[in-house]
Each structure stands twice: as structure tokens, then as C-alpha cells.
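Heads up, the thing below is written out as C-alpha cells.
Sequence positions, counted from 1, serve as the residue numbers for this chain. Everything numeric in this text was worked out from a predicted model, so none of it was measured. Computation of the quantities below employed the complete heavy-atom set of this structure, encompassing side-chain atoms and omitting hydrogens, waters and symmetry-equivalent molecules.
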Amino acid sequence: MNRKKLVIVSILWIGSLVGVQAQTQTWSLDDCIDYAISKNVDVVKAQLSNRDSELDVEQSKANQLPSFSGSASTNYSWSKEVYTESDNFGDRSRSNTTNFSVNASMTLFNGFKLKNQVEQSKLDLQSSQYYSEAVKESLELNILNAYLQVLYAQETLNNSLEQIAATQEELNLAEERMNVGVISKSDYLQIKSELSTERLTAANAQSTLSIAKLDLMQLMELPVTTDFSVESPDLTVLLANQEIPNAADVYAQSLGIRPQIKQVETELESVKLNEQIAKASLMPSLSLNSGLSTGWSDNITGFDYSEQLKNQFTPTVGLSLSIPIFQNKQGTISVKKAKIATTEAEVDQMNTKNELRKNVEQACLDVMTAQTQYEASMEQYESATESYDVASEKYTEGLVNSVDFLTVKTTMITSESDFTQAKYNLVFSSKILDFYKGLPIHLTN
């Protein structure tokens with residue numbers, strides 16, 4: 001842990017130990033996700049990319065419209081007249097001309113290049129939107145993991161505090177017995193040592209909780225605060241409603257909803273259009289051009305400025321046909337490169353689908369493994385708790401010494417820790433599976 005992070009964690013820990021509390025929000029998982037999405041830089045950048053793609057669509061559509069331009073110019077010139085008879089130059093003369101023109105052009109046909117560019121820009125916009133969704137989903141999973149880490153750390157701390165309370169009572173009882181000579185001082189010191197160990201465990205648990213909160217707040221882009229707290233939902237229903245997943249069914253379902261898959265599909269369609277756009281460079285192009293011009297010159301006498309402009313209007317209209325004959329292979333090579341890019345996009349699509357299949361298979365296996373571990377650890381914890389209850393009664397009655405009692409208690413504490421960890425592993429695994437099924441990430445059903 002770097003020094004800066006250690007200082008922040010220490011502040012959080014000290015603040016919680018001295019009871020610094022304020023009237024602040026208790027964050028639910030949904031609250032954390034919504035806040036993170038509104039502040040995350042990657043999400044904001046993805047949204048800006050969407051806007052940029054929207055402008056590309058607008059521009060590609062505008063490229064199909066006629067273009068208009070106007071121009072105006074004025075020129076002054078000075079020259080000397082040449083007298084050929086005397087081989088002399090005469091006086092310098094000055095002339096002034098002014099010209100105005102309006103021009104318009106429109107592409108009538110260019111191998112459907114403009115039309116394909118419009119369709120391509122629309123596909124690129126869809127791809128950008130799918131990418132934005134994928135960024136948000138990735139952030140949601142990270143928030144879920146960090147949120148569960150806080151819940152796990154909080155429950156671990158609560159368990160430690162309960163164990164300290166129980167051991168303190170046991171220590172008080174041991175002290176009474178030692179004072180009346182029922183047990184030896186070594187038995188008393190065994191319990192006292194256990195209490196010190198449990199207090200150290202609680203201190204470590206408090207530090208772990210502070211770190212977990214810090215990680216969650218930083219992931220949310222939330223300024224660090226000592227009174228940050230999260231809701232602790234009832235996970236009983238969620239843990240009870242576990243089904244054995246079928247990887248093939250989940251994969252088939254995930255194929256139709258995952259934004260990553262939709263993104264590579266639209267990218268493939270966009271790349272395919274590059275072939276058509278490249279082929280357009282090998283085809284003739286036809287354009288319509290028109291213009292209107294007029295002008296004035298001081299060399300024309302007998303007409304004033306407005307009369308010259310009015311009478312010298314010159315309209316033009318024409319068609320321009322361009323036929324490619326030899327382009328140094330630029331057109332043919334562009335087509336070949338576009339075909340290679342299409343093949344690469346097909347490979348990327350296949351790879352993305354394979355990655356999704358592997359992730360789904362792993363998620364299904366994780367759920368089944370976590371379910372097995374959860375059931376086994378719950379059974380072990382229940383058994384250890386029963387043994388501890390019996391040993392506690394015997395210890396109270398003086399039928400069991402401190403060493404044997406602490407051995408049973410240690411087993412119970414270990415099984416409780418294993419059970420808590422297994423519980424949250426199952427919750428996280430099941431939520432990951434829900435993610436691939438397209439279900440919202442919630443901790444309640």
C-alpha cells in the first residue's frame with residue numbers, strides 16, 4: 001500500500017473509532033452505480049464519442065446536398081500603351097474591374113459512395129452507442145465487486161466484535177473462578193490471551209473495512225469521507241433462489257443482448273461498406289454544375305455601374321463526367337485492403353463470441369462451485385456453532401478447561417469466517433451470471 005493511501009485509510013479508521021458520525025446518505029448498490037456512472041471519466045468520454053458519431057451522421061447526410069458558393073473580386077491594373085510607329089511607350093493608364101459570381105454543384109452519381117457513407121456513419125454511431133453501454137456495464141460490475149467487499153468486511157468486523165463481547169464475559173467468569181481457586185492462573189491467562197488476539201483481529205477487520213470503503217469511494221469518484229456507509233440488504237432470498245445454470249442456454253441468451261456482440265456485428269457491417277466505397281473509385285462520376293456571374297469595368301464607357309452589372313449577367317450550367325482510366329492501382333489496392341479489413345472484422349467477431357462463451361462457461365462453473373462451497377461451509381458452521389454452544393455450557397459449569405474450550409471456539413470462528421466468505425462468493429458469482437443473462441444488477445429479488 002502506498003503512503004498516500006495508507007494515510008487516507010488511517011483517517012477513515014480513526015474517524016470510525018472515535019465515532020465521527022454525521023447525517024449523511026446511506027448508499028445502496030443502485031445509488032453507488034448511478035453516482036459512478038455520472039462521474040466516471042470513461043463513461044463521459046464514451047458519451048462524447050457518441051455525440052461525435054452523431055455529427056458524422058449529420059455530415060454524411062449533408063454531403064448529398066448541393067453545395068453553393070459565392071465570390072466577389074475587384075482588381076486594379078496599370079499599364080503603358082505601346083506606340084509601334086515610334087517605338088515608344090505612352091502614358092500609364094489605369095483600369096478597374098469588379099466581378100461577382102455564384103456557383104453551385106451537386107454530385108449526381110459517384111458509384112453510390114455518398115449513400116454508402118451515410119449508412120456507414122449510422123453503423124458507426126450504433127457501434128459507439130454499444131461501446132458506451134459496455135463501458136457502463138463494466139463499471140457496474142466493478143462497483144458490485146467493491147460494494148460486496150464492503151459488506152463482507154463489515155460483516156467480518158461485526159462477527160469479530162461479537163466474539164470479543166463473548167470472550168470478555170468468559171474472561172470475567174475465568175477471573176472469578178481464579179480468585180476462588182477453581183481454575184489456575186494459566187487457564188485465566190489463556191482466555192486473556194484469546195481476548196487480545198480477537199481484539200487484534202477486530203482491528204485488522206476495521207482496517208480492511210476502511211480500505212474496502214476507500215476503494216469503493218474512489219471507484220465511484222466520490223471524495224473520501226469518514227462517514228461513508230452502505231446498506232446491508234437481506235441476502236437470504238437471493239441465496240435461496242439458486243438454480244443450476246446451463247452454459248449453452250445462458251450463452252445463447254447472452255449472444256442476443258450483450259453490447260460487445262452487437263458492437264462487433266455493427267463494426268463488421270461498417271467495414272463491409274468500405275469495400276463498396278472503395279469500388280466506387282473505379283466507377284465514373286457525374287456532377288451537375290451551375291453558376292451566375294456579372295461584372296463591371298471602368299474601361300466600358302457609356303454605362304454606369306448598375307447598368308453594367310445588370311446587363312452582364314452570365315448564367316452557366318453543365319454536366320461533368322469523370323471516368324477513371326489509370327490511377328496507379330490506388331483503386332484496386334483500396335478494394336483489396338477493404339476485403340482484408342472485412343476478414344479481420346469477421347475474425348474479431350468470432351473471437352468476441354468465443355470470449356463471451358468462455359466467460360459464460362466460467363460464470364456457470366463459478367456459480368455451481370460457489371453453491372457447493374456455500375452449502376458445505378454452512379453445514380460446517382452450524383455444526384461448529386452447536387459444538388461451541390455445548391462447550392460454552394460445559395466451560396461455564398467448569399466441566400471443560402480453557403485449552404479445550406478455546407480449541408472449539410477457534411474452530412467455530414474459522415468456520416464462521418469460511419461461511420461468510422462463501423456466502424459473498426456465491427452472491428457475486430450469481431450476480432455475474434445474471435449479468436450475462438441480461439438481468440439488472442440488484443442485490444434483492
Side-chain angles (χ1 to χ4, degrees), residues 47-75 97-132 262-296 309-346 348-349:
Q47 292 171 344
L48 292 175
S49 179
N50 290 344
R51 179 54 184 154
D52 187 68
S53 297
E54 290 173 356
L55 293 176
D56 288 340
V57 173
E58 184 178 343
Q59 182 63 66
S60 64
K61 290 180 178 179
N63 290 340
Q64 296 178 302
L65 302 175
S67 61
F68 295 89
S69 63
S71 65
S73 65
T74 183
N75 298 284
T97 59
T98 301
N99 296 288
F100 301 94
S101 65
V102 178
N103 300 284
S105 65
M106 180 179 181
T107 301
L108 299 178
F109 178 79
N110 64 345
F112 305 105
K113 181 178 180 179
L114 293 177
K115 175 178 177 295
N116 288 327
Q117 286 177 334
V118 172
E119 295 302 318
Q120 187 178 55
S121 64
K122 291 180 179 178
L123 289 171
D124 291 342
L125 173 58
Q126 291 180 5
S127 176
S128 178
Q129 291 171 339
Y130 290 138
Y131 172 75
S132 180
K262 293 181 180 181
Q263 180 185 352
V264 294
E265 289 175 347
T266 54
E267 287 177 348
L268 175 58
E269 294 302 316
S270 175
V271 171
K272 286 182 178 179
L273 285 176
N274 279 334
E275 293 186 43
Q276 304 302 320
I277 293 173
K279 289 178 180 178
S281 64
L282 302 176
M283 304 175 66
S285 61
L286 179 64
S287 300
L288 173 65
N289 304 287
S290 63
L292 183 63
S293 63
T294 186
W296 169 86
L309 293 180
K310 179 179 179 182
N311 289 282
Q312 291 198 92
F313 273 116
T314 305
T316 60
V317 64
L319 293 173
S320 176
L321 178 65
S322 176
I323 302 175
I325 297 176
F326 181 71
Q327 301 173 310
N328 299 324
K329 290 188 177 183
Q330 292 181 4
T332 54
I333 289 179
S334 295
V335 173
K336 292 179 180 179
K337 285 188 173 183
K339 290 182 178 180
I340 293 175
T342 299
T343 303
E344 290 178 343
E346 291 173 345
D348 289 339
Q349 181 188 43

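- Put simply, the side chain of Y130 reaches to within 4.5 Å of the side chain of T266, judged on heavy atoms.
- When every heavy atom of Q327 is checked against every heavy atom of S281, the shortest pair comes out as NE2-O, 3.3 Å.
- Put simply, the side chain of K329 does not reach to within 4.5 Å of the side chain of K336, judged on heavy atoms.
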Side chain to side chain donor-acceptor pair (under 3.5 Å) between S287 and S105, intermediate numbers included
CA-CA 7 Å; S287 300; S105 65; over 6 Å; no

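- Closest approach of A345 and L268 over heavy atoms only: CB-CD1, 3.6 Å.
- The environment of F112 atom CZ is sparse: at most 12 non-hydrogen atoms of other residues, nucleotides or ligands sit within 6.0 angstrom.
- Judged by distance alone, the side chain of T314 and the main-chain N or O of Q312 form a donor-acceptor pair under 3.5 Å.
- Contact between G291 and N103 at its shortest, heavy atoms only, is CA-OD1, 3.8 Å.
- Rounded to the nearest 0.5 Å, atoms NZ (K61) and CD (Q59) are 12.5 Å apart.
- Pairing each heavy atom of N110 with each of A280, the nearest pair is O-CB, 3.4 Å.
- Here the closest heavy-atom approach between residue A338 and residue V271 is recorded as O-CG1, 4.4 Å.
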Please assess R51 against E54 for the test salt bridge (charged side-chain N to carboxylate O under 4.0 Å, His left out), listing each intermediate value before the final yes or no.
CA-CA 5 Å; R51 179 54 184 154; E54 290 173 356; 3.2 Å; yes

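- Rounding to the nearest 0.5 Å gives a distance of 9.5 Å between OG of S127 and CG of N50.
- Atom CE of M283 sits about 12.5 Å away from atom NZ of K113, to the nearest 0.5 Å.
- The structure places CD of Q126 at 11.5 Å from CD of Q263, a figure rounded to the nearest 0.5 Å.
- Under a 3.5 Å cut-off, the side chain of S53 and the backbone N or O of S49 do form a donor-acceptor pair.
- Using a 4.5 Å heavy-atom cutoff, the side chains of T107 and S285 are not in contact.
- No side-chain heavy atom of V317 sits under 4.5 Å from any side-chain heavy atom of N289.
- With rounding to the nearest 0.5 angstrom, the CH2 atom of W296 is 7.5 Å from the OG1 atom of T74.
- The side-chain heavy atoms of F326 and N328, taken from C-beta on, include a pair separated by under 4.5 Å.
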Could you walk me through whether E275 and T342 pass the side chain to side chain donor-acceptor pair (under 3.5 Å) check?
CA-CA 8 Å; E275 293 186 43; T342 299; 2.8 Å; yes

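- If you take CG on N63 and CD on E58, they are separated by 11.0 Å, rounding to the nearest 0.5 Å.
- Every side chain to side chain contact (heavy atoms under 4.5 Å, CB included) that Q120 has, sequence neighbours left out, goes to D124, S270, L273, N274, I277.
- A pairwise comparison of heavy atoms in V118 and S60 identifies CG2-O, 3.3 Å as the closest pair.
- F100 is linked by a side chain to side chain contact (heavy atoms under 4.5 Å, CB included) to A72, T98, T294, Y305, L309, counting only residues two or more places apart in sequence or in another chain.
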